[in-house]
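Note on naming: letters A, B, ... go to the chains in the order of the sequence lines (proteins, then strands), and numbering restarts at 1 for each one. What you see below is based on every heavy atom in this structure, not just the backbone, and it leaves out hydrogens, waters and symmetry mates.
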Protein chains: 2
Amino acid sequence: MSAVTIRDVARRAAVSVASASRALNNHASVTPATRQRVIEAARALDYVPHLGARSLSRGRSNTIGVVLPDLFGEFFSEIIRGIDRAAHRRGLQLLLSNMHGSAEETELAIRAMRGRVDGLLVMSPQVDAEFLGRNLPKGLPAIVMNAAASDGTHPTIAIDNLAGAREAVAHLVAQGCKRIAHVTGPQGNADADARRAGFRAAVTELLGADAGIEIEGDFSEASGIDAAWQIISQRPHIDGVFAANDMMAVACMATLAEGGMRAPDDVAIIGFDGVPIAQYVTPALSTMALNLAELGERALEKLVAITESEDAAEATTEMLKPELVIRASSRRHA
Amino acid sequence: MSAVTIRDVARRAAVSVASASRALNNHASVTPATRQRVIEAARALDYVPHLGARSLSRGRSNTIGVVLPDLFGEFFSEIIRGIDRAAHRRGLQLLLSNMHGSAEETELAIRAMRGRVDGLLVMSPQVDAEFLGRNLPKGLPAIVMNAAASDGTHPTIAIDNLAGAREAVAHLVAQGCKRIAHVTGPQGNADADARRAGFRAAVTELLGADAGIEIEGDFSEASGIDAAWQIISQRPHIDGVFAANDMMAVACMATLAEGGMRAPDDVAIIGFDGVPIAQYVTPALSTMALNLAELGERALEKLVAITESEDAAEATTEMLKPELVIRASSRRHA
DNA sequence: GCGGCGCGTGTAACCGTTTCCACGAACTCT
DNA sequence: AGAGTTCGTGGAAACGGTTACACGCGCCGC
């Protein structure tokens with residue numbers, strides 16, 4: 001067994017546990033000689049401090065909890081990477097939890113964090129902020145990432161889907177598109193809804209309300225294919241497609257080509273998310289790129305900020321703006 | 001503030017903390033009446049147990065630590081997903097840590113787990129098992145994933161890179177390739193080295209030693225591009241490429257096409273890893289697919305097994321075999 | 001030469017749980 | 001009816017650290 005405690009170290013160094021603790025944490029006021037003895041004893045016994053005990057007594061764990069809806073694909077790995085980068089910089093550990101879809105699980109996951117973490121990063125496209133307010137152990141600072149809407153009780157950091165969608169449409173219009181289809185994400189998904197709203201607003205403003213049509217999708221490859229066939233059958237012809245994510249855009253573009261509509265000349269196509277694969281399809285896919293690592297990084301920084309200064313806990317909302325990346329799929333030669 | 005402890009609950013229910021604890025953990029022998037009172041008190045106060053304290057007292061945290069070399073891309077997100085799936089099934093939490101490359105950091109990461117986790121999953125392509133044996137707090141069960149080699153002190157689960165590489169080469173040869181390039185991973189990385197060794201062995205065996213050339217890469221997109229230009233300039237012409245991972249394969253393939261070498265007719269290409277993006281590039285990329293989620297899942301199961309039965313701690317080695325997935329990039333029409 | 005101060009150290013309380021053990025009351029069994 | 005068992009409960013000791021406080025000591029300044 002392990003079980004070499006600070007008490008063992010203290011005994012071997014012939015000091016009290018208090019002094020041992022002080023020496024190891026290079027606290028003020030321990031004689032160099034004492035410190036030396038303690039450190040040697042610790043090394044000799046191969047002492048590793050028990051961090052659970054430490055955080056109990058210090059009242060702080062140097063760990064932050066991360067609750068994500070799913071752990072699938074690059075979307076989440078990028079976010080985690082960003083969080084980790086910032087956490088590592090500050091010497092924090094990450095306790096990861098996956099609410100497997102259901103709200104019940106989310107509640108469980110959040111409660112399971114109590115007493116293990118100093119703060120929480122929660123991402124919940126399908127759970128509203130009110131729910132969190134009800135379930136967060138009081139006194140646990142939390143940042144809500146990309147929630148449906150802030151209810152003003154928790155700081156939030158989100159993707160500016162609305163602005164992104166508008167920019168995507170504006171780009172298509174600038175390329176000369178007159179009749180634009182939007183392949184939507186699933187209804188009820190916060191990101192999808194915001195992108196749809198942005199699409200509507202931009203089309204109405206730039207081309208007039210009847211220049212845009214919406215085709216229901218659900219972010220999946222399959223729904224991108226379905227959408228393509230619907231687009232092909234539209235009259236008058238569609239000359240621009242804005243898909244709510246890259247996955248659908250890629251599948252849609254491939255299927256449109258099969259049906260004789262080639263990007264970018266017959267139809268200009270743009271996606272959303274900026275997944276790496278977008279640049280390897282032919283033609284390379286234009287997209288509204290999200291810097292998800294940055295999202296994670298900023299979320300963690302914000303969390304640290306509110307844990308450190310009690311006062312700055314107002315529920316501000318920060319927005320991460322997608323960046324327009326123009327590639328071949330929407331670049332008109334004319 | 002938070003700070004509603006079990007003591008508060010006990011006071012409100014007019015029982016001792018001992019009884020409160022028993023009631024909440026539905027332990028044996030508490031009167032239904034008492035239990036009821038305690039539970040009501042807990043709900044009224046919105047009590048959430050402090051898991052840090054619990055694990056200190058129970059000597060068990062229901063958490064397992066995961067130490068990974070990097071958190072980049074789908075490779076790791078898949079592993080984490082597998083680990084999470086198994087952990088979730090068993091009601092375990094995940095403490096994630098990233099050794100940012102250096103051995104020093106690895107040591108730190110591992111020590112930082114002491115007293116917070118019941119077991120460790122360590123993946124360390126650049127660190128050998130001996131290192132782990134030295135740094136693991138004693139008594140902490142651990143599984144080594146994909147290490148350079150087992151020193152027999154810790155159970156291991158690894159990818160069968162050697163067999164995978166041989167199969168990839170054999171496939172290229174079967175497609176008629178006579179002169180094959182291997183874009184390698186970084187030297188010193190265990191996976192990369194094993195794949196290189198497999199390449200050499202297979203080429204020598206099937207075509208003769210001088211039919212293969214090696215081009216240094218480092219698993220990155222950029223190095224895939226560099227490799228492509230080198231391949232283009234090779235004389236006699238290369239007609240088969242085995243890249244040590246999919247990322248390089250994809251980038252390499254795209255660049256080769258720019259340089260006039262098209263897959264699969266001019267050059268057959270196969271990657272390694274089986275990342276999802278491989279099937280969406282054009283032409284779709286053949287690959288030696290790894291079921292990384294399964295790797296993670298099995299690693300966790302194995303860890304649980306050894307934590308539960310002290311005796312079964314012999315250092316067995318399990319291998320995960322890559323699966324050949326043939327797609328357009330290496331399928332010769334002839 | 002004596003009071004006060006600063007410094008290093010030790011004692012003990014504490015963090016929030018769980019759990020061992022003792023204790024009384026209410027049973028059952030002769 | 002008295003002795004032996006349950007059975008529910010409470011007190012208190014863990015778990016492994018940190019830290020407030022007290023204490024003894026040598027030093028300084030008057």
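Atom CG in B:Leu56 sits about 4 Å away from atom C1' in D:dC15, given to the nearest Å. Look at CD on B:Gln36: it is 13 Å from P on D:dT9, rounded to the nearest Å. D:dG16 atom P lies 15 Å from atom CZ of B:Arg116, rounded to whole Å. The nearest whole Å value for the distance from the CG atom in B:Asp8 to the C1' atom in C:dT17 is 13 Å. Summarising the geometry, the separation between CZ on B:Arg7 and C1' on D:dG11 is reported as 12 Å, rounded to the nearest angstrom.
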Review item, nucleotides 5-8 of chain C N/O atoms under 3.5 Å of protein N/O:
from  : atom 1 : to      : atom 2 : distance (Å)
C:dG8 : O3'    : A:Thr31 : OG1    : 2.9

Between the protein and nucleotides 18-21 of chain C, are there any N/O to N/O pairs under 3.5 Å, and if so, what are the atom names and distances?
from   : atom 1 : to      : atom 2 : distance (Å)
C:dT18 : OP1    : B:Asn25 : OD1    : 3.4
C:dT18 : OP1    : B:Asn25 : ND2    : 3.2
C:dT18 : OP1    : B:Arg54 : NH1    : 2.7
C:dT18 : OP2    : B:Ser21 : OG     : 2.6
C:dT18 : OP2    : B:Asn25 : ND2    : 3.2
C:dT18 : O4'    : B:Ser57 : OG     : 2.5
C:dT19 : OP2    : B:His27 : NE2    : 3.4

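Applying the 4.0 Å criterion to OP1 and OP2 of C:dG16, one finds that B:Thr5 has every side-chain N and O outside that range.
The heavy-atom pair separating A:Arg81 from A:Ala293 by the smallest distance is NH2-CB, 4.3 Å.
Contact check for A:Lys302 versus A:Arg298: no side-chain heavy atoms found under the 4.5 Å cut-off. A 4.5 Å side-chain heavy-atom check between B:Ile64 and B:Leu303 finds at least one atom pair inside the cut-off. Two residues are said to be in side-chain contact when any heavy atoms from C-beta on lie closer than 4.5 Å; A:Ile159 and A:Leu290 meet this criterion.
Note that OG1 of A:Thr63 and CG of A:Asp118 are 6.5 Å apart. Values are rounded to the nearest 0.5 Å. If you take CG on A:Leu140 and CZ on A:Arg114, they are separated by 8.0 Å, rounding to the nearest 0.5 Å.
Take B:Leu45 and apply the side-chain contact (heavy atoms from CB on, under 4.5 Å) test, not counting sequence neighbours, and it matches B:Val4, B:Asp8, B:Val9, B:Arg12.
A salt bridge does not link B:Glu40 with B:Arg37: every distance from a Lys NZ or Arg NE/NH1/NH2 to an Asp or Glu carboxylate oxygen is 4.0 Å or more.
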